[in-house]
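Notes follow once the structure below has been shown.
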Amino acid sequence: MDSRAQILEETLETILKGEGLEMREFDSVPEQVKPVTLRKSVCYIVSAVIFNSKDEVLMVQEAKRECYGRWYLPAGRMEERESILEALQREVKEEAGIDCQPITLLMVQEQGPKWVRFVILAEEKGGSLKTTAEADSESLQAQWWDRESPLPLRAPDVLPLIDAGIKYRRNPSFPMLQPVDFPCPVICQRLLLAYISSNGNTDSSNEPLLWLLLSSNDATPHPSLPIAVSVDTYNTIPWAAHRLIKECMSSSSIHVQTCGILGVQHNGRIPGKTDGICFNMLVLLENVEDGAEISSPPALEGDAYRWHDMTNQSLKAKIIQRIKEKSVLPVQSL
Ligand SMILES: CC(C)=CCC/C(C)=C/CC/C(C)=C/CC/C(C)=C/COP(=O)(O)OP(=O)(O)O
Ligand SMILES: [Mg+2]
C-alpha cells in the first residue's frame, strides 16, 4: 500500500475510534475568523447524569436567586484553563458533594457556537451527598431522585437528558466517548463526509459504494479530512459543513444529513488561544433527482477537494455501519 493510502486509513481509524488529530489548516473559513475566548465569545456548560444502584439520578437544589430552591442536574459553566472533564468533576463536587468519574459523553447541545452544553454520563466514586448544613452559593443540597416523586425543577430540559442516560445504560447506541486533549483556536468540524451509492456497483457483489470527501489543500501534502470553521453568528455548529459543501458543489439536489459526532477535541490551557473545540463529525451527503438515487457523488467545483472511492472493505463497512445504525454522539441544535 502506498504511504498516502496508509495515512488516510490511519486517519480514518483514529477518527472512528473517537481519538483526535492535530489541527492543521482550515478548509472552509468564514471571513474575519478569530480565536474564540471562553466566557467572552463562547460559553461551554457541563451537565452530569449520575445514577445510583437504585437507578435514582443525582439532583442538586439551586441556590441562585433566579431559580432558588428548584432542582436541576449538577451543571455549570466551564472555567478558563479547564478541560471538559475537570469542569464536570468540579461542578459535581461543588454542587453535590460527590466525586465522580466520567463514563461517556451522552449528548452535545448547542445554541449556535456561542453556547455549547456537554451532557456527560458519570458514576459516583466517593464523597457524600451535600446536606443543607453545607449549603453555599453553589447549591443548597443534593439528593438522589427516583424520577417519580414530585420535585420542582429549575427547567424541564433535564428530563430528556436523564432519559438519554437511562437508555444508554440499557442499550448503548454509540461507543463510549470522552473528549480528547488537542488544542484548537476556533469552533470547527473535521468532516467525515460520506456519499453512499447502493446501485453504482457494476460487479456482482452488490456491495454499496462509498466515497469520502478529502481536502486537496496545498498545505497538507497527504490526504486529510476537510475542516470547516463555525462563526459566532446565529448559525448552528453543523451549518459550517453546509457552507463547505455549498462552496464546492453546485448540484441543487444535494441533501446534507448531519449524523452526529465521532469525537470531541479540546484543550483550553491557553485562554483566548486554545478555547476552541474541534468536533469530528459524521455527515452523509445524499444526491437524489426525481426520487432516484444518483450512482456517483456530486461533481466538485475547483480543485480544493476530491472524492476518494473507499476500497478498504473493513473501513468501508465500519463507516456504513456507523451511518446506518446512527452509532454517533447526538448533537442537538436548540
Ligand atoms: C445552553 C444550551 C446549549 C442549552 C440550554 C438548554 C436550555 C434552553 C435550558 C433551559 C434554561 C436553563 C435552565 C438554562 C441554564 C443553562 C445554563 C446557563 C446552565 C449553566 O449552569 P449554571 O448552573 O447556571 O451555571 P453555574 O453552575 O456555573 O453557576
Ligand atoms: Mg450550576
Side-chain angles (χ1 to χ4, degrees), residues 36-50 57-100 102 105-122 127 129-130 132 134-143 145 151-165 179 187 189 230-240 258 260-261 264 266 268 271 275-277 279 281 329-334:
V36 295
T37 304
L38 189 68
R39 299 183 88 140
K40 295 205 173 84
S41 57
V42 289
C43 180
Y44 304 145
I45 296 155
V46 290
S47 288
V49 182
I50 300 177
V57 64
L58 183 64
M59 299 292 281
V60 298
Q61 194 176 27
E62 297 283 0
K64 278 202 265 286
R65 202 157 49 124
E66 65 272 19
C67 49
Y68 188 88
R70 300 203 159 254
W71 293 80
Y72 208 55
L73 288 174
R77 285 158 288 185
M78 267 172 66
E79 291 175 1
E80 275 190 351
R81 295 184 182 83
E82 265 183 335
S83 73
I84 296 169
L85 299 182
E86 284 164 354
L88 170 90
Q89 288 171 322
R90 176 184 53 74
E91 286 292 347
V92 173
K93 188 69 183 174
E94 284 173 0
E95 296 187 353
I98 296 288
D99 300 309
C100 74
L105 283 157
L106 263 185
M107 194 184 292
V108 173
Q109 296 179 313
E110 55 127 4
Q111 292 177 329
K114 278 189 165 183
W115 290 90
V116 183
R117 174 156 76 174
F118 298 94
V119 183
I120 299 162
L121 180 65
L129 279 183
K130 187 167 175 174
T132 48
E134 297 162 295
D136 57 17
S137 59
E138 303 292 346
S139 69
L140 301 178
Q141 60 171 321
Q143 272 181 22
W145 181 40
L151 195 71
L153 295 177
R154 173 179 171 186
D157 65 305
V158 289
L159 297 175
L161 310 185
I162 298 169
D163 285 345
I187 297 189
Q189 299 167 68
S230 295
V231 253
D232 49 344
T233 61
Y234 296 107
N235 288 318
T236 63
I237 293 173
W239 185 83
T258 300
I261 295 170
V264 176
H266 169 262
D275 285 331
I277 297 174
F279 293 100
M281 201 92 102
L329 172 69
V331 53
Q332 281 183 354
S333 304
L334 300 170

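Atoms within each ligand, like the ligands themselves, are counted from 1 in listed order. Numbers for residues simply follow the sequence, beginning at 1. Values below: every heavy atom of this structure, side chains too, minus hydrogens, waters and symmetry copies.
- Using modelled atom types, one finds no donor on one side chain facing an acceptor on the other under 3.5 Å when comparing Ser139 with Gln61.
- Closest to atom 28 (O) of ligand 1 among all protein heavy atoms lies Arg77 N, 2.9 Å.
- Between Leu38 and Glu82, the closest side-chain pair of non-hydrogen atoms is not below 4.5 Å.
- Looking only at heavy atoms of the protein, atom 29 (O) of ligand 1 is closest to Lys64 NZ, 2.6 Å.
- Heavy atoms of Glu91 found under 4.0 angstrom from ligand 1 belong exclusively to the side chain.
- Counting only heavy atoms of the protein, atom 12 (C) of ligand 1 lies nearest to Tyr72 OH, 4.0 Å.
- Nearest non-hydrogen protein atom to atom 4 (C) of ligand 1 is Leu334 CD1, 3.5 Å.
- The shortest N or O to N or O distance between Glu62 and ligand 1 is not under 3.5 Å.
- The nearest heavy-atom contact from the protein to atom 7 (C) of ligand 1 is Asp157 OD2, 4.1 Å.
- In summary, an N, O or S atom of Ala75 is located under 2.8 Å from the Mg ion (ligand 2).
- Within the 4.5 Å cutoff, side-chain heavy atoms of Thr258 are placed close to those of Val331.
- Distance from atom 3 (C) of ligand 1 to its nearest protein heavy atom, with residue and atom name: Gln109 O, 3.5 Å.
- When side chains are defined from C-beta on, Leu105 does not count as touching Ile261, because their heavy atoms never get closer than 4.5 Å.
- With respect to the salt-bridge test (charged N to carboxylate O, under 4.0 angstrom), the residues Arg90 and Glu79 qualify.
- Contact check for Asp99 versus Gln89: no side-chain heavy atoms found under the 4.5 Å cut-off.
- Ranked by closest heavy atom to atom 2 (C) of ligand 1, the top entry among Met78, Gln111, Glu95 is Gln111.
- Backbone or side-chain N, O or S atoms of Glu95 reach the Mg ion (ligand 2) at under 2.8 Å.
- One finds no salt bridge joining Arg39 and Asp275 here, because no Lys/Arg side-chain nitrogen approaches an Asp/Glu carboxylate oxygen to under 4.0 Å.
- Taking only nitrogen or oxygen atoms, main chain and side chain alike, Ala75 reaches within less than 3.5 Å of ligand 1.
- Nearest to atom 18 (C) of ligand 1 among the protein's heavy atoms is Ile45 CD1, 3.6 Å.
- Nearest non-hydrogen protein atom to atom 24 (O) of ligand 1 is Arg154 NH2, 2.9 Å.
- In terms of heavy atoms, Ile98 sits closest to Val92 at O-CG1, 3.4 Å.
- A donor-acceptor contact shorter than 3.5 Å is absent between the side chain of Glu91 and the backbone of Ser47.
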